There are 2 protein chains.
Amino acid sequence: MQKKKYNISVEATLEVIGGKWKCVILCHLTHGKKRTSELKRLMPNITQKMLTQQLRELEEDGVINRIVHNQVPPKVEYELSEYGRSLESILNSLCAWGEKHLTKVYGDKFSVLEDSVLNEQLK
Amino acid sequence: MQKKKYNISVEATLEVIGGKWKCVILCHLTHGKKRTSELKRLMPNITQKMLTQQLRELEEDGVINRIVHNQVPPKVEYELSEYGRSLESILNSLCAWGEKHLTKVYGDKFSVLEDSVLNEQLK
DNA sequence: CCGAATCCATTTTGATACTG
DNA sequence: CAGTATCAAAATGGATTCGG
């Protein structure tokens with residue numbers, strides 16, 4: 001295994017959860033197992049390509065599990081792995097900070113459709 | 001002010017601290033005020049251009065202060081703003097997770113030159 | 001010399017069409 | 001439904017230049 005040099009440990013974290021989508025995916029998975037199409041609906045602006053790609057990388061880094069059900073049409077689910085759950089408090093803090101930030105920037109009424117609500121809609 | 005739509009609040013957080021460098025910059029600033037050249041030395045792989053650009057954006061979002069000393073040669077310092085300090089616990093958690101992750105991946109001995117050490121070297 | 005700006009190459013991400 | 005392929009756009013990187 002090639003040992004990569006980091007100048008500060010947060011760079012190692014960013015290698016796992018950095019980029020435009022990984023934190024968003026992981027945040028959604030903190031609310032439970034989700035299949036690919038659910039994630040796609042929760043993230044209307046991600047492309048299929050990026051979703052697949054980011055999920056693969058998260059799986060490679062061991063923070064999510066990929067569960068394939070052998071059936072037609074295909075059904076694939078993703079969930080936080082045990083290791084991934086060590087990120088949960090960080091993910092929750094990131095979400096919480098974003099909410100406060102939006103309140104600060106836009107005032108009390110801002111446009112986040114909470115995923116708890118979205119999850120309801122998906123049922 | 002244009003109201004942007006987010007599908008989950010973490011997206012608002014990522015708009016402020018996302019991208020390849022912002023978390024790294026902010027982590028360094030949690031250890032105190034730094035001038036541009038110090039940050040550059042703490043981040044050997046960032047280009048001057050990106051450093052300047054990211055610092056401008058962090059300043060625009062109100063998480064850092066830019067302090068210009070009118071002297072020759074020029075001296076510019078950056079520090080976490082009061083608002084930026086609301087990110088400190090998140091930044092510390094991100095660093096801590098990275099350390100644990102490196103230990104898990106590479107074993108007990110890994111190649112992060114702690115910035116406390118680097119800060120000493122810079123004196 | 002320091003901090004920043006400009007120009008162009010490379011990498012990452014996006015849009016669309018397509019496959020089993 | 002889940003994933004792939006191709007091409008286009010955006011973000012990031014490298015080298016150089018500039019003002020003070």
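Chain naming here is simple, since letters A, B, ... match the order of the sequence lines and numbering starts at 1 in each. Because the structure is a prediction, the values reported are computed rather than measured.
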A/V24 and B/E11, any side-chain heavy atoms less than 4.5 Å apart: yes
Contact under 4.0 Å: A/S37 side-chain N or O vs D/dA2 OP1/OP2: yes
Interatomic distance, B/L14 CG vs D/dA11 C1' [rounded to whole Å]: 15 Å
Sub-4.5 Å side-chain heavy-atom contact between A/L26 and A/I64: yes
Among C/dT13, D/dC1, D/dG3, the nucleotide that comes nearest once only the side chain of A/K20 is considered: C/dT13
Nearest to side-chain heavy atoms of A/W21, which nucleotide of D/dG20, C/dA4, C/dT13: C/dT13
Nearest-angstrom distance from the residue atom NE2 of A/H69 to P of D/dG3: 12 Å
Over 12 non-hydrogen atoms of neighbours within 6.0 angstrom of CD in B/E82: no
Atom pair distance, as rounded to whole Å: CD1 in B/I67 and C1' in C/dG3: 15 Å
Protein-nucleotide distance (B/N45, atom CG; D/dA15, atom C1'), rounded to Å: 16 Å
Rounded interatomic separation in angstrom, taking CD1 from B/I46 and P from C/dG3: 14 Å
Interatomic distance, B/E11 CD vs C/dT13 C1' [rounded to whole Å]: 15 Å
Side chain to side chain donor-acceptor pair (under 3.5 Å) contacts touching residues 48-59 of chain A (sequence neighbours left out): A/K22-A/E57
Sub-4.5 Å side-chain heavy-atom contact between A/K20 and B/L14: no
Positions of residues 48-65 of chain A (non-hydrogen atom under 4.0 Å from DNA chain D), listed by number: A/Q48, A/K49, A/T52, A/R56
Flag side-chain contact, heavy atom, 4.5 Å: A/L29 against A/L58: no
Short side-chain N/O contact to C/dG3 OP1/OP2 from B/Y78, under 4.0 Å: no
Side-chain heavy atoms of B/I25 within contact of B/L51, under 4.5 Å: yes
Length of the line joining B/R66:CZ and C/dC2:P, which is rounded to integer Å: 16 Å
Spacing between B/L39 atom CG and C/dC2 atom C1', to the nearest angstrom: 14 Å
B/W21 and B/N45, any side-chain heavy atoms less than 4.5 Å apart: yes
Helix axis bend for the helix from C/dC1-D/dG20 to C/dG20-D/dC1 - C1'-based end axes, five pairs, 10° rounding: 30°
Min side-chain heavy-atom separation A/I90-B/L94 under 4.5 Å: yes
Among C/dC1, D/dA2, C/dA4, the nucleotide that comes nearest once only the side chain of A/R35 is considered: D/dA2
